[in-house]
Amino acid sequence: MARFESIQALLQQDRKGHTLPRELYVGEDAFQFDTQVMLKSVWLYACTAAHVKNAGDFFVFEVGHNAIIIVRGRDNEIRAFWNSCRHRGAKICVEQRGRVPRLMCPYHQWTYGLDGKLLAARSMAEDFDKQDHGLNPVALENVGGLIFICMDDNPPSIERVKADIEDQIAIYDIERLKVVVQDNYIEDANWKLVMENNRECYHCDAGHPELISVLGTYGFGKGLPEDGEADVVDDAAFDAMVEAKRAQWKDLGIFRELIEFPDGWWHRMARLPLANGAVTQSIDGKLACKKLIGPFTEPESSSLSVWTQPNSWHHLCCDHVVTFSLTPVAADKTLLRTSWLVHEDAVEGVDYDPDHIAALWRTTNTQDGHFSMLNHQGISSDGYQQGPYAVEEKLVEDFKDFYVDASLKSLQRVQA
Ligand code: 3BY
Ligand code: FES
Ligand code: FE
């Protein structure tokens with residue numbers, strides 16, 4: 001792939017502790033490379049099991065020119081298929097989400113079962129074998145109710161991720177939740193800048209007053225007390241509070257030591273205390289849904305927070321789950337999809353108000369969208385130079401390192 005030689009040269013300009021060269025953020029070739037090569041080589045978070053709650057529910061996950069159908073079968077299995085008909089290739093699912101008895105191509109009505117098998121194709125030659133023309137599958141893994149897909153025929157292992165985080169996520173029983181709000185927000189920035197922005201709270205004091213009053217400033221890269229060297233929180237009262245909380249969490253069976261992107265892996269998980277008496281991640285810190293979820297019978301002032309490279313983060317609270325996925329749409333456009341989930345029996349207007357539940361992160365997303373746009377615009381200028389990350393931007397660097405490493409590996413494979 002001679003056309004990606006320029007990308008290789010740019011990746012070689014990576015500087016330890018510094019941002020990437022300009023063209024990797026803003027260039028059209030980098031966008032083509034990311035969507036055609038790099039992002040196809042890794043696991044991507046697509047949606048939760050609750051987005052496809054019932055048989056026939058489908059969810060279309062798009063990355064650049066690619067689209068994947070995630071669909072629940074009658075046997076309750078969740079599967080993924082390329083959204084391209086085995087007849088002459090037309091797109092099958094046109095809506096982003098929906099429920100269907102079968103998957104029918106709108107062009108000539110070839111019809112597939114929810115398991116991808118071709119059921120009907122009119123007036124084909126006698127020797128045509130339906131069995132050879134089922135939908136092409138895409139690798140899918142369900143990690144405690146979070147659905148990841150990988151477009152590579154030989155996906156990297158996901159076993160360590162599952163072993164580390166699956167059981168803590170499973171406590172929230174995501175299958176028994178329902179998606180009550182889904183925001184599709186297009187940010188005017190490259191997807192890597194939206195990711196970098198997510199991986200630090202260096203901008204939070206000035207940029208997110210609402211979020212900070214509920215989350216405090218710790219946990220997002222400022223380091224939790226057990227972070228050792230990376231710990232730059234110098235607050236004895238905070239440390240004591242976390243110690244006490246940790247004992248409670250252990251009793252409740254909801255504690256696990258911080259897991260932070262083990263070597264070569266792509267997951268981070270922490271239980272974080274909330275601040276100022278907040279019991280959940282809502283705009284006023286008050287319950288966002290009266291029906292609690294998972295094992296919780298009382299409000300519990302913490303979140304189980306999960307971040308994955310290269311495109312997701314999730315906060316699981318005692319009354320709701322909020323989950324974020326990123327996908328690049330153009331070199332300077334990124335879809336940030338945020339979904340809020342509550343107990344399946346919760347009643348709108350009685351137990352929860354969709355606007356209240358979404359307000360905190362909707363506000364925060366808008367603020368972050370503005371920062372990411374400014375970042376993209378400034379990097380587009382000839383005045384841009386690769387800049388140094390702050391100490392508390394360690395997780396930004398972790399993301400950048402993951403990107404560079406995965407990019408080099410995927411380039412090697414396509415060049416081999
Ligand atoms: O960037 C954000 O808005 C979120 C909140 C704190 C850091 N990050 C996870
Ligand atoms: Fe799908 Fe013809 S392209 S039925
Ligand atoms: Fe932010």
Side-chain angles (χ1 to χ4, degrees), residues 58 60 67 69 71 81-95 100 102-113 116-125 128-130 132-136 183 185 187-222 268 272 275 281 283 303 305 307 311-315 322-326 334 336-338 358-376 378 389-390 392-396 398-399:
F58 69 86
V60 177
I69 307 168
V71 59
F81 302 103
W82 290 99
N83 192 10
S84 176
C85 181
R86 291 295 308 281
H87 174 222
R88 281 168 49 209
K91 192 186 255 191
I92 298 170
C93 291
V94 180
E95 305 293 326
V100 286
R102 283 168 291 280
L103 295 163
M104 187 172 74
C105 178
Y107 200 177
H108 313 94
Q109 292 78 46
W110 277 31
T111 303
Y112 303 86
K117 287 198 184 99
L118 179 60
L119 302 175
R122 286 173 294 121
S123 78
M124 298 304 290
F128 173 76
D129 191 347
K130 289 207 285 260
D132 296 338
H133 293 84
L135 291 177
N136 282 323
D183 277 9
Y185 175 43
E187 297 199 21
D188 293 317
N190 185 264
W191 71 277
K192 299 186 288 293
L193 296 172
V194 182
M195 278 302 291
E196 290 198 11
N197 172 269
N198 167 259
R199 295 298 146 99
E200 47 96 354
C201 232
Y202 197 32
H203 67 275
C204 290
D205 287 343
H208 297 313
E210 299 84 357
L211 187 74
I212 286 309
S213 80
V214 171
L215 270 67
T217 54
Y218 40 80
F220 294 101
K222 273 201 177 179
R268 179 176 194 264
L272 303 174
Q281 293 184 5
I283 193 86
S303 68
S305 295
W307 298 263
N311 83 317
S312 83
W313 58 97
H314 318 264
H315 301 294
V322 56
T323 169
F324 304 77
S325 80
L326 277 193
T334 301
L336 170 63
R337 178 171 285 141
T338 310
L360 178 65
W361 283 105
R362 206 172 256 166
T363 302
T364 306
N365 285 346
T366 308
Q367 292 158 342
D368 280 326
H370 181 70
F371 289 131
S372 299
M373 178 190 74
L374 295 180
N375 202 353
H376 191 104
Y389 294 125
E392 66 181 85
E393 290 174 309
K394 175 183 172 292
L395 297 176
V396 184
D398 285 348
F399 167 73

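Remember, it's 1-based here, ligands and their atoms both numbered in the order they're listed.
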Is it the case that the side chain of S372 and the backbone of G369 share a donor-acceptor pair, with hydrogens and angles ignored and the cut-off at 3.5 Å?
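Not confirmed, S372 side chain does not pair with G369 backbone.
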Using side chain to side chain contact (heavy atoms under 4.5 Å, CB included) as the criterion, list what pairs up with T334, not counting sequence neighbours.
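By the side chain to side chain contact (heavy atoms under 4.5 Å, CB included) rule, T334 matches W191, V194, L326.
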List for me each residue that meets side chain to side chain contact (heavy atoms under 4.5 Å, CB included) alongside D132, sequence neighbours excluded, and say none if there are none.
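For D132, the residues satisfying side chain to side chain contact (heavy atoms under 4.5 Å, CB included) (neighbours in sequence not counted) are D129.
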Under the rule for salt bridge (Lys or Arg N to Asp or Glu O under 4.0 Å), what residues qualify as partners of R86, not counting sequence neighbours?
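Per chain and number, R86 pairs via salt bridge (Lys or Arg N to Asp or Glu O under 4.0 Å) with no residue.
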Got a sec: is H208 within less than 2.8 Å of the Fe ion (ligand 3) via an N/O/S atom?
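So H208 does bind the Fe ion (ligand 3) by this criterion.
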Just wondering, is there an N, O or S atom on H203 that's nearer than 2.8 Å to the Fe ion (ligand 3)?
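A backbone or side-chain N, O or S atom of H203 is under 2.8 Å from the Fe ion (ligand 3).
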Identify the heavy atoms of V214 and Q281 that sit nearest to each other, and give their distance.
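Scanning both residues, the minimum pair turns out to be CG1-CA, 3.9 Å.
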Pair F399 and W313, ring centroids less than 6.0 Å apart
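No, the ring centres sit 6.0 Å or more apart.
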Pull up every protein N/O/S atom sitting under 2.8 Å from atom 1 (Fe) of ligand 2, skipping waters.
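Hits for atom 1 (Fe) of ligand 2 below 2.8 Å: C85 SG, C105 SG.
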Considering only N, O or S atoms of D368, the one closest to the Fe ion (ligand 3)
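Nearest to the Fe ion (ligand 3) within D368's N, O and S set: OD1.
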Parallel, tilted or perpendicular for H203 and H208, by the 30°/60° rule?
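Plane angle over 60°, so perpendicular.
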